[in-house]
Amino acid sequence: GNRHLHLDGEKAGELHLLPVEKFGTAASESDHTASFYSGVKQRGEISVRRVTSQIFIGSCPRSTQHIDYLKSLGITCIANFQSVEDCKRNCVAGIGMEGNAEAVRGEYDRRGMLYVWTPTADMCSDGRTRMLPQTSHTFACLLREGHVIYSHCNAGVGRSVSAVCGYLTYVLGLTDRQMQHVVASSRPAAFFDFDALQRARPRFSEAFGKDTMARACDDAKFREKLDAVPLASSQITSGTALVRFSIACAAQGRADSRVVVVGSCPELGSWSIEDALTMNKFELDCHSADVALPVGAWHQIEYKFVVLDGECVRWEEFSRGGNRRLEDVSASDGKSIMLPVARFGELCSDEKQRKEAMAVIRPCTKAEEEVGRLKVPDTALGA
């Protein structure tokens with residue numbers, strides 16, 4: 001027989017999303033993983049795929065050269081889901097991991113990379129169920145701080161995939177089908193443990209759901225309000241694009257506080273508070289400002305939000321240091337850009353991550369294809 005086309009109403013925009021199928025007959029998780037894992041191990045490779053600008057999935061590093069390679073990709077945090085025995089059998093060669101699974105931590109420390117190890121049993125749905133709630137929350141916190149995460153187990157097919165799936169569904173609110181398309185588009189070998197995801201969801205909701213839902217509601221409410229505010233299109237001149245900055249939860253409820261944007265270009269005050277761009281308050285604690293910025297200097301512009309409360313000047317501080325950067329690659333002459341709603345002191349908002357994830361599966365125009373969405377090829381680095 002043949003497969004039958006069934007449209008069950010799951011859509012992304014006007015695009016119908018069918019379940020992601022595997023070629024041929026259904027295989028067990030062991031069969032699904034074995035050939036991919038064996039090939040990567042025999043060749044001494046590390047197989048890496050990028051899901052969003054801040055999330056990678058892949059196999060375990062087997063040499064210090066592999067760790068250097070991950071560093072070169074801009075990865076700042078390693079999330080390892082191998083068990084102790086996995087680490088000893090599938091280890092970074094020449095550093096003593098065969099006897100001490102923790103030996104790899106020093107390699108990451110020396111390179112300034114955060115190492116988060118969550119030992120999880122291989123091919124065990126119960127183990128993934130226990131791992132998912134805390135890991136999904138941890139991923140959210142790390143990504144908001146601006147970390148770039150590499151999620152790995154042995155092959156980068158089961159446990160590491162589940163961790164990313166939990167974040168995409170529990171925190172960002174993607175449906176299972178949307179999540180499946182986002183992950184499979186970059187990691188075709190992925191195994192999806194929907195049973196573990198379903199069983200872990202109540203545990204995540206009990207522990208972290210209140211904060212997650214409040215954030216999602218706030219994001220939706222602020223975005224709806226922002227969309228109703230007319231853009232200051234009269235500011236646009238030749239060679240510029242109009243940018244809307246917006247931030248929530250900055251003044252912490254103080255009605256007399258002001259919020260400004262200060263940055264590295266003259267339009268943002270050249271890091272001078274006196275010349276900074278003043279934001280308009282349209283809710284008790286949500287602020288926005290429109291400004292025309294030069295398109296050619298887009299990637300060179302850095303900025304921060306600052307709260308002015310009487311004599312008190314409160315700058316954003318990030319745990320990883322540095323400043324915010326303008327990163328929207330679709331900026332072009334005469335266009336308007338709505339940046340994601342930011343949160344004070346968080347480098348990356350959930351809205352930005354959600355927008356990136358959904359951009360993977362939504363239909364795009366020819367112009368958007370030419371500008372380029374997230375373009376990162378599959379990478380396999382030999383030993």
Side-chain angles (χ1 to χ4, degrees), residues 20 22 27-41 45-52 54-62 66-67 70 75 77-92 97 101-102 104-105 108 114-143 147-171 174 176 179-180 182-184 186-201 203-204:
V20 176
K22 295 298 180 184
S28 66
E29 180 181 359
S30 178
D31 293 337
H32 177 93
T33 305
S35 60
F36 179 84
Y37 164 74
S38 298
V40 170
K41 184 175 183 178
E45 293 177 345
I46 182 171
S47 173
V48 181
R49 282 284 184 115
R50 192 170 198 167
V51 181
T52 71
Q54 289 179 249
I55 302 174
F56 289 77
I57 297 176
S59 61
C60 59
R62 298 180 180 277
H66 289 172
I67 297 177
L70 296 176
I75 290 165
C77 176
I78 305 297
N80 179 12
F81 298 95
Q82 293 174 293
S83 67
V84 173
E85 290 306 312
D86 286 335
C87 288
K88 293 179 178 180
R89 289 195 301 265
N90 298 278
C91 60
V92 176
M97 277 188 77
E102 279 277 3
V104 72
R105 187 178 297 276
Y108 294 120
L114 183 65
Y115 181 55
V116 180
W117 183 26
T118 309
T120 306
D122 194 11
M123 299 190 192
C124 175
S125 190
D126 288 343
R128 286 188 284 252
T129 301
R130 289 189 293 271
M131 171 270 288
L132 274 165
Q134 181 62 57
T135 293
S136 301
H137 176 70
T138 299
F139 272 27
C141 294
L142 291 169
L143 292 167
H147 277 286
V148 179
I149 299 174
Y150 181 58
S151 180
H152 84 79
C153 43
N154 286 337
V157 172
R159 291 163 287 183
S160 56
V161 166
S162 289
V164 173
C165 293
Y167 168 73
L168 293 174
T169 54
Y170 302 163
V171 178
L174 273 63
D176 286 351
M179 166 273 293
Q180 194 181 21
V182 170
V183 174
S186 58
R187 191 68 173 169
F191 176 83
F192 297 98
D193 190 344
F194 291 110
D195 178 61
L197 286 164
Q198 182 178 3
R199 288 190 290 144
R201 182 180 288 275
R203 303 180 189 182
F204 176 86

query = Less than 4.5 Å apart, any side-chain heavy atom of Ile149 and any of Ile75?
reply = no

inquiry  = Using side-chain heavy atoms (C-beta onward) and a distance below 4.5 Å, is Phe56 in contact with Ser151?
reply    = no

Heavy-atom closest pair, residues Ser136 and Phe204 = CB-CE1, 4.0 Å

query = Can Phe192 and Leu197 be said to form a side-chain contact (heavy atoms from CB on, under 4.5 Å), step by step?
reply = CA-CA 9 Å; Phe192 297 98; Leu197 286 164; 5.8 Å; no

request  = State, with a plain yes or no, whether a side-chain heavy atom of His147 is found less than 4.5 Å away from one of Phe139.
outcome  = no

ask   = Of the non-hydrogen atoms in Cys60 and Ile46, which two are nearest, and what is the gap between them?
value = O-CG1, 4.1 Å

request  = Verify the neighbour count for atom CD of Glu102: are there more than 12 heavy atoms of other residues, nucleotides or ligands below 6.0 Å?
outcome  = yes

key: Taking every non-hydrogen atom, the tightest pair across Ala189 and Val157   = O-CG1, 3.1 Å

message = Just by distance, no angles: are the side chains of Arg199 and Thr129 close enough, under 3.5 Å, to form a donor-acceptor pair?
response = yes

query = If you measure from CD on Glu85 to CG on Asp122, what distance do you get to the nearest 0.5 Å?
reply = 12.5 Å

task = Check the pair Asp86 / Val84 against side-chain contact (heavy atoms from CB on, under 4.5 Å), numbers first and verdict last.
result = CA-CA 5 Å; Asp86 286 335; Val84 173; over 6 Å; no

query = From Gln82 CD over to His152 NE2, what is the distance, rounded to the nearest 0.5 angstrom?
reply = 5.0 Å

key: Student check: side-chain heavy atoms of Arg49 and Pro188 closer than 4.5 Å   = yes

query = Can you find a heavy atom in the side chain of Asn90 that is under 4.5 Å from one in the side chain of Lys41?
reply = yes

request  = Show your working on side-chain contact (heavy atoms from CB on, under 4.5 Å) between Val148 and Leu143 and close with a plain yes or no.
outcome  = CA-CA 7 Å; Val148 179; Leu143 292 167; over 6 Å; no

query = Which pair of heavy atoms, one from Tyr37 and one from Ala155, lies closest together, and at what distance?
reply = CB-CB, 3.7 Å

query = For the atom pair CD (Gln134) and NE2 (His137), what is the distance rounded to the nearest 0.5 Å?
reply = 6.0 Å

query = How about Ile57 and Val161: do any of their side-chain heavy atoms sit closer than 4.5 Å?
reply = yes

ask   = Rounded to the nearest 0.5 Å, how far apart are CD1 of Ile55 and OG of Ser186?
value = 9.5 Å

request  = Check the side chains of Arg187 and Ser47 for a donor-acceptor pair under 3.5 angstrom, ignoring hydrogens and angles.
outcome  = yes

message = I want to check something: taking the side chain as every heavy atom from C-beta on, are Ile67 and Val92 in contact at a cut-off of under 4.5 Å?
response = yes

remark   = OG1 of Thr120 to CE of Met131, rounded to nearest 0.5 Å, is 4.5 Å

task = Can you measure from OG (Ser83) to CH2 (Trp117) and round to the nearest 0.5 angstrom?
result = 8.0 Å

message = For Val182 and Val51: C-alpha separation, side-chain torsions, deciding distance, then whether side-chain contact (heavy atoms from CB on, under 4.5 Å) applies.
response = CA-CA 7 Å; Val182 170; Val51 181; 3.8 Å; yes

Nearest non-hydrogen partners of Met123 and Ser30, listed with the distance = SD-CA, 3.7 Å

inquiry  = With no hydrogens and no angle check, just 3.5 Å: does a side-chain donor-acceptor pair link Ser162 and Asp193?
reply    = no

Heavy-atom pair with the smallest gap, counting every atom of Ala101 and Lys88 = N-CE, 4.5 Å

query = Are any of the side-chain heavy atoms of Phe81 and Thr135 separated by less than 4.5 Å?
reply = yes

request  = Go through the steps for Asn80 and Tyr115 under the test side chain to side chain donor-acceptor pair (under 3.5 Å), then give the verdict.
outcome  = CA-CA 8 Å; Asn80 179 12; Tyr115 181 55; 2.9 Å; yes

query = Does Arg159 reach the main-chain N or O of Cys153 with its side chain, forming a donor-acceptor pair under 3.5 Å?
reply = no

